[in-house]
Amino acid sequence: MSTLPENILVCLAWPYANGDLHVGHIAGCYLPADIFARFQRLRGNRVVVVSGSDSHGTPIVVRADKENKTPREVFEYFHERFLQTWQTLGISYDLYTHTDTESHHALAQQMFRRLQQNGYLYQAKQKQMYSPAQDKFLPDRLVEGTCPYCSYDKARGDQCDSCGKLLDGTQLINPRSRANPADKLEVRESEHFMFDLPKLKDRVMAYLGDKDERWRSTVTEFSRAYARDIEPRAFTRDLTWGIPIPVPDSEGKAIYVWWEAVLGYLTATVEWAQVDGKPEAWKDFWYGDGAQGAVKIYNFIGKDNILFHTVLWQSILIGMENLDAPWDAGAAEERTLNLPYDVPANQYLNFGGQKFSKSLGVSLEALDLATKYGADPLRFYLASIMPETKDADWNWTDFITYNNSVLLAKWGNLIQRTLSQIWKNFDQKIPQPGELTSADHALLERAEAAFESIGAKLDACHFRDALNEVIELTTEANVYLDREAPWKTIKNEELGGRARAGTQLFVAAKVIDALTVLWSPWTPNLCDAARKLLGHTQPLFGSLYVQHVDEATRGHNVLRYDASNAAGRWAPSHLQPGQPLGAEPKGLVAKIEATGE
RNA sequence: UGCGGGAUAGAGCAGUGGCAGCUCGUCAGGCUCAUAACCUGAAGGUCGUAGGUUCGAAUCCUACUCCCGCUACCA
């Protein structure tokens with residue numbers, strides 16, 4: 001076993017700021033990452049969670065044109081929506097920023113220069129569609145024309161919707177601009193920078209070579225197959241809405257959004273360190289083993305992102321070695337950046353054919369659902385069906401059922417039935433236990449052992465497996481109550497009377513106390529509420545807040561995590577007899593009624 | 001067309017060579033502390049199709065079918 005604390009950097013995929021987040025995004029990436037981060041914080045590790053909104057790229061420009069707005073207005077709107085979504089769902093970022101900050105721009109250009117200096121960028125000409133009217137190159141998506149294969153006359157430059165063939169904009173017959181069909185397009189050559197990935201292939205393959213034990217096979221197989229036959233990829237695009245490349249006389253050339261978006265993991269860590277008042281702290285995660293012990297970098301993503309996070313991002317990190325100012329002005333010696341330790345990629349959550357929105361009158365937008373039903377029911381259901389090995393489906397009936405029959409009926413009810421007896425019959429205080437029976441010991445030992453076994457599963461990113469064990473222990477506590485029946489014991493001196501009932505309820509309360517920690521990565525709000533009832537005064541976790549960061553020419557809002565009050569520990573219960581309950585227990589979990597229309 | 005993943009009880013899923021499991025739902029029973037919540041038991045599957053390897057296959061091999069992702073400036 002490694003020694004604690006470890007430096008754990010949790011990187012979440014950067015959501016594209018051109019539309020709201022739906023439950024599929026949450027289940028695939030953000031929720032598992034948050035469960036993991038909360039668990040690691042409870043364990044006492046030094047955890048930093050970073051991500052941000054991806055603000056560049058064509059779709060944002062398209063949407064902006066359509067709505068008569070600037071790209072910046074579009075992405076800033078969705079960035080604010082994302083900040084709300086994270087706060088409502090409790091996705092606990094140490095820093096959630098975006099890619100249009102001055103510092104990200106500067107560091108992305110530094111990445112470009114460093115890759116160039118290290119010999120990994122070269123120039124090549126590419127044919128692309130050019131609009132004389134707009135005086136710019138058009139993205140293939142925005143070009144329309146007749147498909148050379150099936151003659152469909154509204155084929156897009158990237159793909160024909162009729163026959164499904166993948167196309168190149170220059171292949172279209174009678175190409176025209178989708179925005180302005182009168183515009184006569186020409187094929188022109190454009191000079192671009194290419195990332196010489198084959199040069200880095202051996203080092204990437206070596207990196208992928210020893211990942212079998214930890215990584216999911218869906219991730220390793222796919223990545224190796226791709227890396228084996230890797231080819232150069234374009235590093236620049238003809239786009240004004242992006243980060244300009246640091247090359248003289250290259251107007252209109254931007255860094256292809258993918259490369260600078262993944263770089264965000266690094267630049268956001270740098271920004272986190274600055275905002276946190278410890279500008280050098282990012283090095284503890286990106287260089288060597290860090291000042292305070294081993295470093296592990298995790299990248300949580302969806303399956304569509306695998307190659308970018310297992311091959312291409314690694315190529316950048318390796319290719320950027322020996323970074324200099326402004327990253328690391330004082331570094332004299334050669335330095336290499338740390339590569340991801342694990343890339344737990346999930347499959348997709350789909351909505352296959354469900355008539356969800358009609359029956360309940362809501363969409364599957366994550367912010368709406370969390371606002372309407374609360375974060376915990378949504379987190380719990382999504383975690384229950386989390387697509388770890390294959391695609392899953394959102395189902396309204398199941399959502400309601402999972403909430404009502406597991407979260408409420410098993411877990412909420414366990415708290416309610418136990419604490420209400422203590423409240424009524426034991427002076428609102430945790431009872432003093434007498435001698436423990438073998439059944440008492442068995443359950444208490446089980447609750448203690450759960451920290452080790454569930455912890456191991458969480459540490460290995462086996463979230464569903466871990467959750468099942470938490471539910472199992474919750475059921476065992478319910479079984480214990482049913483067998484022991486303190487409500488009978490207290491009325492029957494032959495069974496031990498009030499003293500024995502007090503012991504039974506003490507055992508149950510102690511297991512509940514442990515369960516509030518074991519459940520907390522999934523349902524943090526419910527668990528903190530339960531702990532208040534038990535009489536605890538400090539919360540398990542810290543809280544999220546928005547902070548405004550000013551730079552030279554513009555400012556931006558970031559989400560941060562304040563851990564100063566967090567008192568949770570991933571450790572067995574220390575609940576003491578005599579501790580007064582915090583309040584009269586009543587309905588911690590709300591029942592969700594099916595509208596039945 | 002290539003590369004990768006998936007197909008197991010009504011639904012959602014676990015199970016990588018040794019009697020087919022879990023949660024929910026259904027049916028029956030118990031309990032009455034608890035938000036009609038809790039607990040026990042039962043019914044329900046020829047493990048996508050067809051072959052093969054093996055004493056033995058959901059699990060390994062071959063072919064096929066369907067679904068998903070990548071091969072796109074949709075991150």
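Below, read A as the first sequence line, B as the second, and so on, with proteins coming before strands; counting in each chain starts at 1.
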Candidates [options] - which lies nearest the side chain of [X]:
| X | options | answer |
| --- | --- | --- |
| Y256(A) | rC74(B), rC70(B), rC33(B) | rC74(B) |
| D482(A) | rA37(B), rA11(B), rC33(B) | rC33(B) |
| K488(A) | rU32(B), rU35(B), rC33(B) | rU32(B) |
| W258(A) | rC70(B), rC38(B), rC74(B) | rC74(B) |
| Q416(A) | rA11(B), rC74(B), rU35(B) | rU35(B) |
| W487(A) | rC33(B), rC38(B), rC74(B) | rC33(B) |
| R464(A) | rC3(B), rU35(B), rA14(B) | rA14(B) |
| V257(A) | rC74(B), rG69(B), rC39(B) | rC74(B) |

Measure the distance from [atom1] on [X] to [atom2] on [N] and round it to the nearest whole Å.
| X | N | atom1 | atom2 | result |
| --- | --- | --- | --- | --- |
| D398(A) | rC22(B) | CG | P | 18 Å |
| R224(A) | rG4(B) | CZ | P | 13 Å |
| N346(A) | rC70(B) | CG | C1' | 17 Å |

Does a side-chain N or O from W215(A) land closer than 4.0 Å to OP1 or OP2 of rG4(B), or not? no

Side-chain N or O of K410(A) closer than 4.0 Å to phosphate OP1/OP2 of rC24(B): yes

Base rA37(B) to side chain N413(A), donor-acceptor N/O within 3.5 Å cut-off: no

Give a yes or no on whether the ring-centroid distance for Y373(A) and F399(A) is below 6.0 angstrom. yes

If you take the centroid of each ring, where Trp contributes its six-membered ring, are F380(A) and W519(A) closer together than 6.0 Å? yes

I would like to know whether T489(A) and R500(A) meet side-chain hydrogen bond (donor to acceptor under 3.5 Å, both in side chains); could you show each step before the answer? CA-CA 7 Å; T489(A) 311; R500(A) 176 60 196 155; over 6 Å; no

May I ask you to decide if the ring planes of F75(A) and W241(A) are parallel, tilted or perpendicular, using 30° and 60° as cut-offs? tilted

Minimum heavy-atom distance between H104(A) and H98(A), given as atom pair plus value: CB-O, 4.5 Å

If you assign each of Q421(A) and A261(A) to its closest nucleotide in RNA chain B, which residue comes earlier from the 5' end? Q421(A)

